[in-house]
Every structure is written in C-alpha cells, then in structure tokens.
Amino acid sequence: MVTPLIPGRFTIRATDGKARLGTLQTAHGVVETPIFMPVGTVGRVKAVAPDDLAGIGAEIILGNTYHLYLRPGDELIHRRGGLHGFTAWNKPVLTDSGGFQAFSLSELRTIRENGVEFRSHLDGSQHLFTPEKVVEIQRNLNSDIMMVLDECVAYGTPYDYTAKSIELTTRWALRSRAIHPACSSGNLLFAITQGGFFADLRSRSVEQLCGHDFDGFAIGGLSVGEPKSLMYDLLAHTVPLLPADKPRYLMGVGTPVDIVTGIENGVDMFDCVLPTRNARNGTLYTSQGKINIKRTQYAEDDGPLDPGCSCYTCRTFSRAYLRHLQHSGEVTAFRLNSVHNLTYFLNLVRGARAAVAEGRLAAFAAGIRAVYPEGGV
RNA sequence: GCGGAUGUAGCUCAGUUGGCAGAGCACCUGGUUGUGGCCCAGGGGGUCGUGGGUUCAACCCCCAUCAUUCGCC
C-alpha cells in the first residue's frame, strides 16, 4: 500500500513566483518543503524531548558532525543503530559537516588543502577533518542528509582570499562525492556554495558545483554579521543560479522575515538556532511580534503567551508563570519556551506552504513583515 | 555587667595619607542567525547605623549612642 521511498527524489508540486512547494524523500520519510529544521547539535534539540517534537510537528532535525564526533563518537553511535537508533528519533536527520565549527571555533584551527586541523573545544586534543573523513563520520551517524566539508569565510574577508576559498570548497565537495557516489545509499549528500560577499564569486561557486550530481545545494556563509540588505541582495542573486530540480538549503538562517524572504527567493530548507537559543534566554516569537518574557510588564499577565498559538505552552500556562520560571532559571522554562518558539517557526513554514499552494505568498510575507518590522531578529 | 569585632547599594563586601561613593551578584532594558544552557552591551539604584565634634574638606580622625555578633564573668 505504501510506495517505497526513493531517497533523494525531490518533487515540486506548485510554485508561486520563485517560491516552490515540494517534497523531498529520504530514507526515514518525506519532508515537505519549504521546511524549517530545528537544530539538535549533540543529538537532541536542546531542552526538547522527542514527544515534544511530535507535538511541535517537526519533520526533520539537525545534528552536528563536529560535536558528535568529539562526543560520544560516531563509531559509538554507529554501533547503536546510528543517530536514529541512538536518539530515538526515527524521522529524517540532516547533519552539518563541521565546516562552520571550524569557522566559529577558529582560535585554534588550520585550513590546509587536505582538510581542517583543529583542537577540540572539550579537551584541546588535535584532530583532522578531511572531506572524506567527514563523509565517513556522517555515514556512521547514518545521516539522511550529509553536508560536505566547506570553508566558511568571515564577513570582511578580502576578495582574493574568498576566490581561493571557493576553489578549495569545490575541490573538497568533489572529493566528498568521489567516495560517496550518487544513489549509493540512503545517505544523501548536499554541496555547499560559498563566495563571501562578492556576487561574481557566488556565481562562480555555484557554476563549479551545480554540474555535479549532488542531491541538494546549500548556500553557506551568509548571516555572519553582514548588513541585512547585503544578505538579501546575495540571496536574490544566488538562488536562481542553483539547479531548479534539486532542494536548496540556506544554512543557519534565520529570523521569521529572513525565512519568508528566503522562501520568496526559492529556498526550500532552513535551519537556525534562533528559536531554541532565544527561547532559553526568554525571547519569544509570537503572532504579535517578538517579546521578552522576562519583562516586568508580564509579572501579573494572566493571558497566554500567544493568543494565536495552540502549542502546549500557550494552551497551558500564563505569561506571569512563564516569566516566573524564566526568572527562576527553572529548566522547565527552557523546555516550554523552546516548544513555543519551534511551534512558531514550524507554523511559519506551514503557513508559507499553504500560501504558495494558493498563490498568495506575497500577502503572507507582507503579514510577517508587518509583525516584525525591524527585520524580526 | 566587662572586653573585642562589625555596621557603606536589595545581598556579600572593597574603599589608599582625610580630597567627586566603588565592585561582584541581584534587579531593569537591549542584543543573540550551519548552538560551548553561554556570552555581550547599556541602565537604575546610597541620609556610608544614628547624633554631635575637629577640619577648607570626614566613609575615613575624636566623643556619645543604637544595633548585630563573639568571648569572659
């Protein structure tokens, strides 16, 4: 009765302008796009248990190669049935390659032709990530969507360095594909385009990668401190260059307005720590805008966090109680706030999918921008 | 009853030879974009226990007094 899944098959069912409504098949299920993917760096979305994720409606989550390799180790996870068996999450998982950690934990790392040498942030031990090693780790994790090792350059990196960097990222991507040919397993492999903040380098990076048979293409290296308008300009420039028949993934982005803008430009997948990290700090996204639950004005506010939300948190607790939990440093505050913020982000892409299906994405996006007028951080 | 110690921000405490009242935490307001449950930025806060004295000038020196605390009768 159930047609077998064909990992990697991407079907576009509708479009609205440049935006697409699609389905991506993976070894652990079908993902409807555009999608937001909660981040679960060490094999768990922080503060959120699997049954919470079911209530939120999460369809795919992230894990991180760098963190899981260091602790508890990819081979240990492999012996326990991969990430799905180990973490009791049987839906799709995408794993980031560790390229971004090489960037963000950059104090003690060296980038060479062969790969990235780095020191563990846990114990200072020396390690080497090659493109091949990173694929091998992600196969041990049995990731549904593996990301190639890439070099992410900082905002402000000069043109010459960035130009050399995209060549390296391309060579690494092809080495990754060489040891993991298309259709060789249920582990899909996405390439990552780079190019810093130079439109022609963004174009060149896409040209070098898109002729090869990757299962999807990511845009990396954005939202690293640049002005908002620059990111949007590069997005509008780059997304149309990507293969139309493959999923497009904007890495590490973003705010509600960023996500809607990405969808309008034709991006299919997003991930960001913002909803979960901000949840733990008391910054919450609602249908009426962003609020800081710690504020004094909520001390005796008996209303729900977001009257327009039907998540467990909003159904059950008052703003006054949530503020109290946050002020008390109670771990339950992390959970309840994370459940709410993730519900907001998942509802956001759900709403966008419905809008694309009905050809009214522009109006939907205008509604989001009206609620988050400053760009919605 | 006698002797000592201590009284400075909500809390714990610095404060030089007498020269504009300080820190940490807490509190308040922002920030947080392929996550080190972190971190960063800004802000509001004072009858220096109380009363007197000396001095151009006192948290600081002198006297008295109150409170807290420790020890001894």
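Scope of the values below: all heavy atoms of this structure, side chains included, with no hydrogens, waters or symmetry mates. We name chains A, B, ... by the order of the sequence lines, and we start the count at 1 in each one.
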Suppose we define a pair by two distances each less than 3.5 Å, Watson-Crick or G-U wobble; what does [N] pair with here?
| N | answer |
| --- | --- |
| B/G24 | B/C11 |
| B/U68 | B/A5 |
| B/G36 | none |
| B/U47 | none |
| B/C60 | none |
| B/A41 | B/U29 |

Gap in Å between the two [atom1] atoms, one belonging to [N] and one to [M], rounded:
| N | M | atom1 | value |
| --- | --- | --- | --- |
| B/G46 | B/A14 | C1' | 15 Å |
| B/U8 | B/U50 | C1' | 14 Å |
| B/A9 | B/A5 | C1' | 23 Å |
| B/A21 | B/A57 | C1' | 16 Å |
| B/G18 | B/C62 | C1' | 14 Å |
| B/G22 | B/U16 | P | 14 Å |
| B/U17 | B/G1 | P | 37 Å |
| B/C20 | B/A26 | P | 30 Å |

Does [X] put a side-chain nitrogen or oxygen below 4.0 Å from OP1 or OP2 of [N]?
| X | N | result |
| --- | --- | --- |
| A/His67 | B/U35 | no |
| A/Arg277 | B/C38 | no |
| A/Arg119 | B/G36 | no |
| A/Lys290 | B/G31 | yes |
| A/His327 | B/C28 | yes |

Given atom [atom1] of [X] and atom [atom2] of [N], what is their separation to the nearest angstrom?
| X | N | atom1 | atom2 | result |
| --- | --- | --- | --- | --- |
| A/Gln101 | B/U33 | CD | C1' | 13 Å |
| A/Ile60 | B/G34 | CD1 | C1' | 13 Å |
| A/Asp271 | B/U35 | CG | C1' | 10 Å |
| A/Met231 | B/U33 | CE | P | 12 Å |
| A/Ile291 | B/G30 | CD1 | P | 11 Å |
| A/Leu189 | B/G34 | CG | C1' | 15 Å |
| A/Ile61 | B/U35 | CD1 | C1' | 14 Å |

Side chain of [X], base of [N]: donor and acceptor closer than 3.5 Å?
| X | N | value |
| --- | --- | --- |
| A/Arg280 | B/U35 | yes |
| A/Asn292 | B/G30 | no |
| A/Thr255 | B/U33 | no |

Using 30° and 60° as the class limits, which term best fits the ring planes of A/Tyr344 and A/His340: parallel, tilted or perpendicular?
->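 Answer is tilted, since the angle falls between 30° and 60°.
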Consider only side-chain heavy atoms of I, L, V, M, F, W and Y, link residues closer than 4.5 Å, and tell whether A/Val30 and A/Ile12 are in one cluster.
->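 No, because A/Val30 and A/Ile12 fall into different hydrophobic clusters, even though each may have its own neighbours under 4.5 Å.
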Counting the atoms with a prime plus P, OP1 and OP2 as sugar-phosphate, which does [X] contact under 4.0 Å by heavy atoms, base, sugar-phosphate, or nothing?
| X | value |
| --- | --- |
| A/Asn64 | sugar-phosphate |
| A/Gly221 | base |
| A/Gln194 | base |
| A/Ile192 | base |
| A/Val42 | nothing |
| A/Thr296 | sugar-phosphate |
| A/Ala47 | base |
| A/Asn281 | base |

Enclosure of [X] [atom1] (heavy-atom neighbours >12, cutoff 6.0 Å):
| X | atom1 | result |
| --- | --- | --- |
| A/Arg71 | CZ | no |
| A/Gln126 | CD | yes |
| A/Glu167 | CD | yes |

Hey, would you say the A/His121 and A/Tyr66 ring centroids sit under 6.0 Å apart?
->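 For A/His121 and A/Tyr66, the ring centres are under 6.0 Å apart.
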Give a yes or no on whether the ring-centroid distance for A/Phe217 and A/Phe190 is below 6.0 angstrom.
->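 Ring centroids of A/Phe217 and A/Phe190 are no less than 6.0 Å from each other.
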Of A/Leu62 and A/Lys294, whose nearest nucleotide on RNA chain B comes first from the 5' end?
->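 Counting from the 5' end, the first nearest nucleotide belongs to A/Lys294.
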Using heavy atoms to find the nearest nucleotide of RNA chain B for A/Leu122 and A/Ser223 separately, return the residue whose nucleotide is more 5′.
->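 Looking at the nearest nucleotide for each, A/Ser223 comes out on the 5' side.
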Indicate yes or no: does A/Asp268 engage A/Arg20 in a salt bridge with an N to O separation below 4.0 Å.
->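 So A/Asp268 pairs with A/Arg20 through a salt bridge.
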